[in-house]
Amino acid sequence: QVRLVESGGGLVQAGGSLSLSCVASGRTIRNYAMGWFRQAPGKEREFVARISRSAGSIDYADSVKGRFTISRDNAKNTVNLQMNNLKPEDTAVYFCAASSSYTTLGDDSNSWGQGTQVTVSS
């Protein structure tokens, strides 16, 4: 499986921005659909955004549409999540995932990173 490491989390005030990165190793991400998910304390993990292998398909959760942008750089084996106009409800651990299928992103069988903490203060 591909190995994933997230970075870029931190503490930011509401209305601020953060840029998360997910660096893959072991295999090229060209063969994978990639996604970002998050889990807040006491809540289940939820979908944030996903991008297909060629970036021809991109989806966002309704809660982040217009504020977050997912992108990928296959040459650098990296997927990014630009988060603008952050809200306190965006506070969570953010995880990167890789799947051979766009439609099964989020399954436990995907490759997952360890996560990076994002905290948004009001």
Side-chain angles (χ1 to χ4, degrees):
Q1 285 187 331
V2 62
R3 293 182 294 275
L4 305 171
V5 178
E6 304 94 335
S7 64
L11 173 64
V12 64
Q13 289 187 332
S17 298
L18 282 174
S19 181
L20 305 184
S21 291
C22 172
V23 178
S25 62
R27 294 187 180 181
T28 174
I29 65 168
R30 297 178 190 273
N31 300 323
Y32 294 91
M34 304 295 295
W36 286 95
F37 296 77
R38 66 187 182 186
Q39 187 168 20
K43 296 187 177 181
E44 292 189 353
R45 186 173 65 204
E46 65 175 5
F47 165 73
V48 174
R50 62 179 178 175
I51 186 168
S52 63
R53 298 178 190 182
S54 64
S57 295
I58 293 176
D59 292 306
Y60 297 96
D62 288 343
S63 59
V64 307
K65 278 181 182 177
R67 300 188 297 122
F68 290 12
T69 302
I70 188 171
S71 62
R72 64 189 296 156
D73 186 337
N74 288 343
K76 295 183 178 179
N77 241 22
T78 300
V79 177
N80 299 306
L81 186 68
Q82 178 64 40
M83 306 186 295
N84 298 327
N85 190 22
L86 283 160
K87 304 176 180 180
E89 52 264 42
D90 294 318
T91 295
V93 178
Y94 283 70
F95 298 91
C96 177
S99 174
S100 59
S101 171
Y102 189 66
T103 57
T104 60
L105 266 169
D107 286 1
D108 290 342
S109 60
N110 291 169
S111 295
W112 292 91
Q114 293 300 305
T116 185
Q117 175 71 47
V118 172
T119 304
V120 185
S121 63
S122 57

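Note that the numbering runs from 1 along the sequence shown for the chain.
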I need the [X] [atom1] to [Y] [atom2] distance, nearest 0.5 Å.
X	Y	atom1	atom2	answer
Q117	T91	CD	OG1	7.5 Å
N85	S17	CG	OG	8.0 Å
R72	I29	CZ	CD1	4.5 Å

Can you see which heavy atom on [X] is nearest to which on [Y], and at what distance?
X	Y	result
A92	A40	CB-N, 3.8 Å
L86	V12	CD1-CG1, 3.6 Å
L20	W36	CB-CH2, 3.7 Å
M34	A98	SD-CB, 3.5 Å

Ignoring hydrogens and geometry, is there a side-chain-to-backbone donor-acceptor pair from [X] to [Y] under 3.5 Å?
X	Y	result
E6	C96	yes
D73	A75	yes
N77	A24	yes
R27	Y32	no

Any chance the side chains of T78 and S21 put a donor and an acceptor closer than 3.5 Å?
->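 Looking only at side-chain atoms, S21 and T78 do not form any donor-acceptor pair under 3.5 Å.
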Consider only side-chain N and O atoms of N84 and Q82, and report whether a donor and an acceptor are under 3.5 Å apart.
->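 The criterion, which ignores hydrogens and geometry beyond distance, is satisfied for Q82 and N84.
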Look at the aromatic rings of F68 and Y94 and report parallel, tilted or perpendicular, splitting at 30° and 60°.
->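 Plane angle between 30° and 60°, so tilted.
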Common cluster, F37/V120, ILVMFWY with side-chain heavy-atom separation under 4.5 Å =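 Per the 4.5 Å side-chain linkage, F37 and V120 are not co-clustered.
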Cluster check M83, V93: I/L/V/M/F/W/Y, side chain < 4.5 angstrom =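 No, it is not one cluster - the side chains of M83 and V93 are not joined through contacts under 4.5 Å.
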Counting C-beta onward and ignoring hydrogens, is there a side-chain heavy-atom pair between [X] and [Y] closer than 4.5 Å?
X	Y	result
W112	R45	yes
L4	F95	no
N110	L105	yes

D90: partners by side chain to side chain donor-acceptor pair (under 3.5 Å), with sequence neighbours left out =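 Checked D90 against side chain to side chain donor-acceptor pair (under 3.5 Å); matches are R38, R67.
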Who are the side chain to side chain donor-acceptor pair (under 3.5 Å) partners of S122, not counting sequence neighbours?
->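 If we apply the side chain to side chain donor-acceptor pair (under 3.5 Å) test to S122, skipping adjacent residues, there are no hits.
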Which atom pairs, one a donor and one an acceptor, fall under 3.5 Å between side chains of residues 53-60 and the rest of the protein, sequence neighbours left out?
residue, atom, partner, partner atom, Å
R53, NE, N31, O, 3.3
R53, NH2, S100, O, 2.6
S54, OG, G56, N, 3.4
D59, OD2, R50, NE, 2.9
D59, OD2, R50, NH2, 3.1
D59, OD2, Y102, OH, 2.6
Y60, OH, I70, N, 3.0

